[in-house]
Structure formats: C-alpha cells, structure tokens
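Note that the structure is a prediction, hence the values are computed from the model and not measured.
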Amino acid sequence: MNAPLLLSGAPGSPYTRKMVALLRYRRIAYRWLLSAQAVPGLPQAKPPLLPTFYLLGLDGALQAVTDSTPLIRRFDSEFEGRAVIPADPALALIDALLEDFGDEWLTKAMFHYRWTYAADIRKAGEVLACWRGGPHDDAALAATAQAVRDRQIPRLRFVGSNLQTGPVIEAGYRRVLLALEDHFRVHRFLMGARPGASDFALYGQLTQLVHFDPTPMALAAEIAPRVVAWVLMMEDLSGLEPGEADWLDVGRLPDSLRALLRESGRLYAPLLMANAQALQAGQSEFQALIDGQPWVQQAFPYQGKCLAWLKRDHAALSPADRARADAALAGSGNELLFSP
Ligand SMILES: N[C@@H](CCC(=O)N[C@@H](CS)C(=O)NCC(=O)O)C(=O)O
C-alpha cells in the first residue's frame, strides 16, 4: 500500500472530511477525486456513499470500499504508527462509542439545520451544486441547486427531523458544543493530547455545522470559540508528534468527556435500542422517546450494525478491561447498550 490511496468524496460530505483529516494525521499519501468520473473505469460502491476508497483487492484489482468506521480500523492495522485507536482497549471502547455518536447522531443535527432553515437551504443548495460536475453558468447552477434541494429536503424524514424533534436535535447540538468547549479548556483532543477515531468523527460533522451551515455556525461562534478553532486545527494534524502517554486515563475521565458521553446516552442510546428492536421484529419503522419527546423514524439497518459492532467490542474485552470501561460509562445512559 505504498501508492497514494485513491478516494472520491466531496468537501460538503462530513465523512469525506473525517477521512481526509485522518489520512493527513496518519501521514498516509492520498489522491482525493472530487468526481469518480475523473478516473475512467473505477468500480462503483454499492450503495454509492461518500467517501469511496478504491483499494487493491487480493486479486490485484481495485475494489470500491466505503464506511469510515471499519476503514479507520483497517488503516490502523495496515499503516504503522500514529494510530487513532487508543492502545488501552477500555478507552478504545469509549472512543468507538463517541465515534458512533458523532457519525450517527451529530449527522442528524447537520442534516436538520442544513435542510430546515431558509438561509442554510439556500447556501447548501448552491454551494453543493458547484461541487457537482461544473463549471456551471448561472442558469445551470440555479437548476442544479434546486435539484440538490429537491433531493435532500424530503430526506429529512430519514434522519428523524421534523417539527416535533427539531427542538430536541437543536438543544442536543447546543449541549454538545458546550461540553466540547469545556473539554477544550483543558485538553487538545477528545482522547487527550492525541486524537482518537472519535475526534475525527466529530470533526467531520462539525466541519459542516461549525464552518459551513449559517444557523449552527452562528451558534458555535457565539458560545463555543474553542470548538470553532479546534475544527480548523483538526483539518491538518500532520505536524503533531503523538506519544503513548498522550491518551486519557480511562480511570479518570474528565467531567467534560463524561458530559459528552451523557449526551450519547441521552440522545443516541435509546434510538439505537429502539431501532434494533424494530429490525429484529421485522418492522420498517421504530418509535422511541428521546429526551422526553416521541421520535418516529424509519428503521435503519446500518445503525443495527453499529450497535452490533459496539456490543462485539464490549464483549471482546477482558473482564478487567470491561470492568474499567463499564465504570467509565456508569451513569451515562449508555449502559443499556451492553446489557445482555
Ligand atoms: N457510514 C458511512 C456513511 C457515509 C455517508 O452516509 N455518506 C453520505 C454523504 S456525507 C452519502 O454518500 N450519502 C448518500 C447520498 O448522498 O446519496 C461512513 O462512515 O462513511
């Protein structure tokens, strides 16, 4: 794997930003294609998600591979040094939980703000359109912008955003900003003095929330200047020299990280459970009570997989490591994820 890794993605895609920042930090050379069509003959991912990596398979042919979470683990094992999975398995579980919270919950806030408010809809429609094909003249840009909006706005229901859940999503975003602001008063990264996978996941969503979409961006500028700065710093950590002593001690997690874990327990854990139950019962929709509000959403098989991964990682811990991870999670609301 010495040749630069090839990927396609877009600047407005939080998962693309997560992975490009990761590659920079890991000092893994890459070629980022803004359009997969730029290189003829590339295989198509199924489903076609951004980012898509084109990686050499055992047969020597390029394979289209998606999904940042397993890709991060694959790169950690295939490329030496500067790992993002914490060395302590108990801390690694906390990191994985927060990575999932960023990827799967915070993305609801991203999608909600972007496609709910007029100023956000207007900006995202036009700017996202510029990254599609192009260059465009004004009429073509206006038409593509409208096509992007017409495609994305109806998809709000897939993330569960509606008039009733909007306030829950927004209050959660505000509390996440405040917990992060508090954390960055003392620590450089979620995982201590070096970044974990969770840092890259939250960074990816926050590239959009804090630096692109006007409504959540204004809130961040008002209440979370350290978060605004952190996101820009995360973009390129190629100069950081991490050491083994730089990880947090899972036995003494700071209150600010516990506050973030409580957000995951409050907002995301009940949703994961309700989703898994619906999938198991073969129902296409689930209902949950999130932060005291009814939440109705289409069941999402991918999030069923997320829960299964977390359970698997928790079950694979040694009894001593599991006890330390459980102690760190006690009272956070995430315990139900791991109850038999
Ligand atoms: N779990 C995937 C999620 C990737 C994802 O959902 N990407 C979005 C763009 S940010 C996408 O491609 N959505 C499908 C679409 O827009 O058609 C990952 O971590 O990479």
Does [Y] offer a backbone N or O that forms a donor-acceptor pair with the side chain of [X] under 3.5 Å?
| X | Y | answer |
| --- | --- | --- |
| Arg322 | Leu317 | yes |
| Asn334 | Leu329 | no |
| Tyr113 | Asp213 | no |
| Arg17 | Gln205 | no |
| Asp199 | Gly196 | yes |
| His211 | Val228 | yes |

So which heavy atom on [X] is nearest to which on [Y], and how close?
| X | Y | result |
| --- | --- | --- |
| Leu141 | Cys130 | CD1-SG, 3.7 Å |
| Asp321 | Pro89 | OD2-CG, 3.5 Å |
| Gly333 | Ala269 | O-CB, 3.7 Å |
| Val227 | Leu177 | CG2-O, 3.8 Å |
| Trp115 | Leu128 | CZ2-CD2, 4.0 Å |
| Gly243 | Arg194 | O-NH1, 3.2 Å |

Drop me the distance from [X]'s [atom1] to [Y]'s [atom2], to the nearest 0.5 angstrom.
| X | Y | atom1 | atom2 | result |
| --- | --- | --- | --- | --- |
| Arg114 | Lys123 | CZ | NZ | 9.0 Å |
| Met273 | Leu337 | CE | CG | 6.0 Å |
| Ile85 | Asp313 | CD1 | CG | 9.0 Å |
| Met191 | Glu99 | CE | CD | 10.0 Å |
| Cys306 | Asp67 | SG | CG | 7.5 Å |
| Arg262 | Arg175 | CZ | CZ | 10.5 Å |

Is it true that [X] and [Y] fall in one hydrophobic cluster, defined by side-chain heavy atoms closer than 4.5 Å?
| X | Y | answer |
| --- | --- | --- |
| Leu22 | Tyr25 | yes |
| Leu7 | Leu56 | no |
| Trp32 | Leu237 | yes |
| Leu6 | Leu23 | no |
| Leu336 | Leu307 | yes |

Within a 6.0 Å radius of atom [atom1] on [X], are there more than 12 heavy atoms belonging to other residues, nucleotides or ligands?
| X | atom1 | value |
| --- | --- | --- |
| Arg312 | CZ | yes |
| Arg226 | CZ | yes |
| Arg132 | CZ | no |
| Asp138 | CG | no |
| Glu285 | CD | yes |

Inset, instruction - Could you walk me through whether Phe111 and Phe158 pass ring pair (Phe, Tyr, Trp, His ring centres under 6.0 Å), step by step? - result: CA-CA 10 Å; Phe111 211 82; Phe158 294 140; 8.7 Å; no
Inset, instruction - Kindly say whether the aromatic ring centers of Phe53 and Phe75 come within a distance under 6.0 Å. - result: yes
Inset, instruction - Determine the interplanar angle of the Phe101 and Tyr268 rings, folded into 0 to 90°, and report it as parallel if under 30°, tilted if 30 to 60°, perpendicular if over 60°. - result: tilted
Inset, instruction - If the plane angle is over 60° it's perpendicular, under 30° parallel, otherwise tilted; pick one for Trp105 and Trp295. - result: tilted
Inset, instruction - Report the C-alpha separation of Gln303 and Leu271 in whole Å, then their side-chain angles, then the decisive distance to 0.1 Å, and conclude whether the side-chain contact (heavy atoms from CB on, under 4.5 Å) test is met. - result: CA-CA 9 Å; Gln303 281 168 4; Leu271 194 135; 3.7 Å; yes
Legend entry - Test applied, side chain to side chain contact (heavy atoms under 4.5 Å, CB included); reference residue, Met233; option that passes from Tyr203, Phe189, Phe184: Phe189
Is there side-chain contact between [X] and [Y], with at least one heavy-atom pair below 4.5 Å?
| X | Y | value |
| --- | --- | --- |
| Glu335 | Asp326 | no |
| Pro14 | Asp103 | no |
| His136 | Thr144 | yes |
| Gln297 | Lys108 | yes |
| Leu180 | Leu202 | yes |
| Arg174 | Leu219 | yes |
| Ile169 | Val159 | no |
| Leu253 | Leu91 | yes |

With a 4.0 Å cut-off, would you call [X] and [Y] a salt bridge?
| X | Y | value |
| --- | --- | --- |
| Glu263 | Arg258 | no |
| Asp76 | Arg26 | yes |
| Glu241 | Arg27 | yes |

Inset, instruction - Would you check, one step at a time, whether the test side-chain contact (heavy atoms from CB on, under 4.5 Å) holds for Glu104 with Leu272? - result: CA-CA 10 Å; Glu104 303 300 324; Leu272 271 180; over 6 Å; no
Inset, instruction - Check the pair Leu279, Phe286 against side-chain contact (heavy atoms from CB on, under 4.5 Å), reporting the backbone distance first and the verdict last. - result: CA-CA 8 Å; Leu279 290 171; Phe286 70 84; over 6 Å; no
Legend entry - Trace of the side-chain contact (heavy atoms from CB on, under 4.5 Å) decision for Gln293 with Ile290: CA-CA 5 Å; Gln293 288 296 322; Ile290 310 283; 5.8 Å; no
